[in-house]
J.: 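Let me begin by handing over the structure; questions about it come next.
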Amino acid sequence: MYYLEILAFIGTILSVAKCLPQAYDSWKTKSSKGLNACTLWAWLLSCLLLIPYCFTTAPPMVMPYVFNVGFVSLMLFYYYFPGPTKKIL
């Protein structure tokens, strides 16, 4: 059980710090256009580290993290494979 608490602690730290790469990138470019891949990876990793702890301590709390894993995975997929762009009008 002790290793789950360590994983949860690391996941919490990542969850808190996940927006720092995006904030730095926005500050450096003076634009908030786009999304930093490091932010997405930190978000995904923090959710993956928190799922086992929530599953053993509070099972209802697992669903938001599972939803976040699916959502962030989809965002990462479209980040690396954007697909063709076509004009609607």
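Keep in mind the model is a prediction, meaning the values are calculated, not measured. Below, all heavy atoms of this structure are taken into account, side chains as well, without hydrogens, waters or symmetry copies.
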J.: For a 4.5 angstrom cut-off between non-hydrogen side-chain atoms, does K28 reach Y24?
T.: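 Yes. Closest side-chain heavy atoms under 4.5 Å.
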J.: When rounded to the nearest 0.5 angstrom, what is the spacing between OG in S32 and CH2 in W27?
T.: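 Result: 16.0 Å between the selected atoms.
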J.: Linking Ile, Leu, Val, Met, Phe, Trp and Tyr through side-chain heavy atoms less than 4.5 Å apart, which residues share a cluster with M61?
T.: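 In the cluster with M61 there is nothing else; it is isolated.
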J.: Mind checking the NZ-CD1 spacing from K18 to I13? Nearest 0.5 Å is all I need.
T.: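 One finds 13.0 Å between NZ of K18 and CD1 of I13.
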J.: Does Y80 OH have over 12 foreign heavy atoms under 6.0 Å away?
T.: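 Count over threshold, so yes.
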J.: So which heavy atom on C54 is nearest to which on V62, and how close?
T.: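 In this case the closest contact between C54 and V62 is C-CG2, 3.8 Å.
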J.: Where is the tightest heavy-atom contact between P52 and L4, given as atom of each residue plus distance?
T.: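 That closest heavy-atom pairing would be CB-CD2, 3.6 Å.
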J.: According to a 4.5 Å side-chain heavy-atom criterion applied to Ile, Leu, Val, Met, Phe, Trp and Tyr, with indirect links allowed, do Y2 and F9 form part of one hydrophobic cluster?
T.: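 Looking at the clustering, F9 is in a separate group from Y2.
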J.: Please work out which of the three classes, parallel, tilted or perpendicular, describes the rings of F67 and F71, given edges at 30° and 60°.
T.: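 F71 and F67: parallel rings.
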J.: Do L35 and F81 sit in one hydrophobic cluster, given that two such residues count as connected whenever their side-chain heavy atoms are within less than 4.5 Å of each other, even indirectly?
T.: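 As far as the 4.5 Å side-chain criterion goes, F81 and L35 are connected within one cluster.
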J.: Nearest 0.5 Å, what's the CG-CG distance between L48 and N68?
T.: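 Spacing of CG (L48) from CG (N68) equals 10.5 Å.
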J.: Any link between L7 and W43 through a network of hydrophobic side chains (Ile, Leu, Val, Met, Phe, Trp, Tyr) touching at under 4.5 Å?
T.: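 L7 and W43: separate clusters.
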J.: Looking only at atom types and distance, does a side-chain atom of S46 sit under 3.5 Å from a main-chain N or O of A42, one as donor and one as acceptor?
T.: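 Judged by distance alone, yes, a pair lies under 3.5 Å.
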J.: Could you pull out all residues at least two apart from L45 that satisfy side-chain contact (heavy atoms from CB on, under 4.5 Å)?
T.: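 L45: side-chain contact (heavy atoms from CB on, under 4.5 Å) contacts with L14, L49.
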J.: Can you tell me how far apart CG (L40) and OH (Y79) are? Round to the nearest 0.5 Å.
T.: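 OH of Y79 is found 7.5 Å from CG of L40.
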J.: More than 12 heavy atoms of other residues, nucleotides or ligands under 6.0 Å from NZ of K33: yes or no?
T.: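 No, because the 6.0 Å sphere around NZ of K33 holds 12 heavy atoms or fewer from other groups.
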J.: Are I10 and I51 grouped together when hydrophobic residues (ILVMFWY) are joined by side-chain heavy atoms under 4.5 angstrom apart?
T.: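 No, separate clusters.
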J.: With rounding to the nearest 0.5 angstrom, report the CD to OG1 distance, E5 to T12.
T.: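 Answer rounded to 0.5 Å: 11.0 Å.
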J.: Could you tell me whether a side-chain N or O of T39 sits under 3.5 Å from a main-chain N or O of Q22, the two making a donor and an acceptor?
T.: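 Confirmed, T39 side chain pairs with Q22 backbone.
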J.: So, for D25 and N36, which heavy atoms are closest and what is the spacing to 0.1 Å?
T.: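 Reported closest heavy-atom pair: CB-ND2, 4.0 Å.
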J.: Just how far is it from atom CG of L50 to atom CZ of F55, taken to the nearest 0.5 Å?
T.: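 Going from the CG atom of L50 to the CZ atom of F55 covers 15.0 Å.
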